[in-house]
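Taking it in order: structure first as structure tokens, then the write-up.
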Amino acid sequence: VRIPMVFGALYLYYEGALGLFLFAVFLSLFSDFLDGFLARKFGLTSKLGSVLDPACDKVVTVVLLSFFYLEGLLSKFFCTALMMRSLVQILTFLFVKYYKVEFSVKPNFFAKLLIASVFFLFLLFSLILYMGNQFVWADSIAIYFFVLFVSLGEIFFMIYYPVQFYRILNKKKLGFD
């Protein structure tokens, strides 16, 4: 649901339906938290779901980062810094699958906090596009520092995933966190 919804949001934006765009972005991001919560609450978690959920996160992240970059809300440096973790994670998963190593994905608190921060950043950018100069924080230094904080977290995890990949290949670890 997340992936079609984010593409629908972009369509709405370019059609000038900014209110619906904002709502669709919110629903797309909220569905990430809702599906995980419901799966755990009703005991519907699975190994496939533990891999598909972060994969969907990565697709939504790359699409929205590209969009916000093209709309001038992110510099090339920050867009690249924020996108690299997603790309490294996708490549790492592919390598692990190539080597036919069984693994699981159980995000730790910091990984969840970082993805929540990225999604919050997406909501801020969506509000800026929706409200323009009326949004109080549109040119705020706080947003720049928040982007810097999130970028540093992404860079940390970009380095962390290949280390985990190495440990999984050497059977010192069972999965990603």
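No hydrogens, no waters, no symmetry mates; every other heavy atom, side chains included, goes into these values.
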Honestly curious: do [X] and [Y] fall in one hydrophobic cluster under the side-chain, below-4.5 Å linking rule?
X	Y	result
V163	F110	no
V59	Y11	no
L12	I3	yes

Original post:
Could you go step by step and tell me if V147 and F125 meet the side-chain contact (heavy atoms from CB on, under 4.5 Å) rule?
Top reply: CA-CA 11 Å; V147 170; F125 285 158; 4.0 Å; yes
Could you state the interatomic distance from [atom1] ([X]) to [atom2] ([Y]), rounded to the nearest 0.5 Å?
X	Y	atom1	atom2	result
L87	M158	CG	CE	10.0 Å
L65	S86	CG	OG	7.0 Å
L27	D32	CG	CG	13.0 Å
L74	T80	CG	OG1	9.5 Å
L64	L73	CG	CG	11.5 Å

Original post:
Between I115 and K58, does a side-chain contact (heavy atoms from CB on, under 4.5 Å) hold up when you go through it step by step?
Top reply: CA-CA 10 Å; I115 196 67; K58 302 310 152 220; 4.3 Å; yes
Subject >> Salt bridge flag under 4.0 Å for residues K112 and D57 >> reply: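 Salt bridge absent between K112 and D57.
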pair [X]-[Y]: side-chain heavy atoms closer than 4.5 Å:
X	Y	value
T61	F122	yes
L82	F68	no
Y13	E71	yes
E154	L114	yes
L38	L44	no
M5	L29	no
L22	L127	yes

Set of ring-ring contact (aromatic ring centres under 6.0 Å, His included) partners for [X], sequence neighbours left out:
X	value
F146	F120
F37	none
F78	none

Subject >> Shortest non-hydrogen separation from S31 to R2 and the atoms involved >> reply: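 Heavy atoms of S31 and R2 come nearest at OG-CG, 3.1 Å.
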**OP:** For Y14, look at atom OH and say whether over 12 heavy atoms of other residues, nucleotides or ligands are found less than 6.0 Å away.
**Re:**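 It does: Y14 OH has more than 12 such atoms within range.
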Original post:
Counting only heavy atoms not in Y166, do more than 12 sit closer than 6.0 Å to its OH atom?
Top reply: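 Check fails, neighbour count at 12 or below.
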Subject >> Donor-acceptor contact present, side-chain S28 to main-chain A24, <3.5 Å >> reply: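 Not confirmed, S28 side chain does not pair with A24 backbone.
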Original post:
Is the Y130-F21 ring centre distance short of 6.0 angstrom?
Top reply: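 Not under 6.0 Å, so no.
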Original post:
Mind checking whether F157 and Y160 have ring centres under 6.0 Å apart?
Top reply: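 Here the rings of Y160 and F157 have centres that are less than 6.0 Å from each other.
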